[in-house]
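One structure below.
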Amino acid sequence: MDTKQLRQAQHTGQPPAEELPADPLAKVMITPRQFLAILAIAGVLLGLLLALLPVRVANADPENPGFVSCGNTIGGVETGPLAERLDRPSPAVLATYVNTCESAIATRLAYSWPMFFAGTLVIAWLGVVRTPARTTASRG
């Protein structure tokens with residue numbers, strides 16, 4: 001141990017870096033930066049999954065229970081395929097379904113795209129911003 005480390009240890013009241021006991025949990029714990037990366041990747045994947053999966057709404061006909069697929073957040077409501085799935089309903093019924101589908105897609109959009117873009121921004125930030133290397137002496 002050199003004199004500089006000895007003076008620093010005397011000044012801070014902590015043992016020198018060589019004498020610090022190793023933390024057994026440091027081997028199994030993740031750092032805050034790794035935790036942020038895991039959350040960002042989960043946000044990107046979940047946001048992309050929610051954006052691409054089709055939105056389904058309940059069928060309004062009590063005699064024909066089930067659901068109707070509307071489309072996804074990227075393409076919006078697909079009126080032609082929606083009318084075919086409903087067996088060519090009247091324009092008023094089709095308009096009601098289109099309104100319901102637009103509302104459901106807008107709700108899904110409010111969750112999927114912010115998660116995707118926030119995760120993408122965090123991944124870009126983690127790739128650009130570097131933190132200084134931490135030594136055992138600076139962890140005290």
Side-chain angles (χ1 to χ4, degrees):
M1 173 178 0
D2 64 354
T3 58
K4 182 179 179 183
Q5 289 177 340
L6 186 58
R7 275 191 240 134
Q8 183 181 11
Q10 290 172 348
H11 178 68
T12 59
Q14 295 180 350
E18 292 86 25
E19 297 177 18
L20 287 176
D23 185 13
L25 291 178
K27 295 176 184 176
V28 294
M29 292 182 61
I30 60 174
T31 64
R33 189 174 178 91
Q34 291 170 332
F35 182 70
L36 188 61
I38 291 169
L39 284 180
I41 291 169
V44 166
L45 293 177
L46 187 60
L48 190 61
L49 185 69
L50 286 174
L52 293 176
L53 286 178
V55 176
R56 298 192 282 182
V57 296
N59 196 350
D61 186 8
E63 295 172 6
N64 186 15
F67 62 89
V68 177
S69 182
C70 297
N72 58 25
T73 62
I74 296 172
V77 180
E78 301 164 351
T79 309
L82 180 63
E84 288 175 12
R85 277 178 246 146
L86 294 171
D87 296 328
R88 301 285 178 197
S90 68
V93 172
L94 183 61
T96 303
Y97 273 102
V98 168
N99 184 30
T100 304
C101 287
E102 283 179 353
S103 175
I105 287 175
T107 302
R108 170 93 54 98
L109 184 79
Y111 291 100
S112 65
W113 286 105
M115 276 196 293
F116 177 76
F117 285 123
T120 303
L121 287 174
V122 169
I123 289 172
W125 179 81
L126 287 171
V128 172
V129 176
R130 299 286 178 213
T131 57
R134 294 180 64 185
T135 63
T136 55
S138 66
R139 289 186 185 161

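For this chain, numbers begin at 1 and follow the sequence in order.
Listed by first and then second residue, the side chain to side chain donor-acceptor pair (under 3.5 Å) pairs that reach into residues 42-53 come to none, sequence neighbours excluded.
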Can you give the donor-acceptor pairs under 3.5 Å from side chains of residues 98-107 to other protein atoms, not counting sequence neighbours?
residue : atom : partner : partner atom : Å
T100    : OG1  : T96     : O            : 2.9
T107    : OG1  : S103    : O            : 3.0

Sequence neighbours excluded and cut-off under 3.5 Å, please list the side-chain donor-acceptor pairs for residues 120-130, or say none.
residue : atom : partner : partner atom : Å
T120    : OG1  : F116    : O            : 2.8
R130    : NH2  : G127    : O            : 3.4

Residues 35-60, side-chain donor-acceptor partners within the protein, below 3.5 Å, at least two apart:
residue : atom : partner : partner atom : Å
N59     : OD1  : D61     : N            : 3.4
N59     : OD1  : Y97     : OH           : 2.3
N59     : ND2  : N64     : O            : 2.8

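Contact check for V93 versus S90: side-chain heavy atoms found under the 4.5 Å cut-off.
Scanning for ring pair (Phe, Tyr, Trp, His ring centres under 6.0 Å) contacts around Y111 gives an empty result, with sequence neighbours left out. Evaluation of the side-chain contact (heavy atoms from CB on, under 4.5 Å) rule for P114 yields no partner, not counting sequence neighbours.
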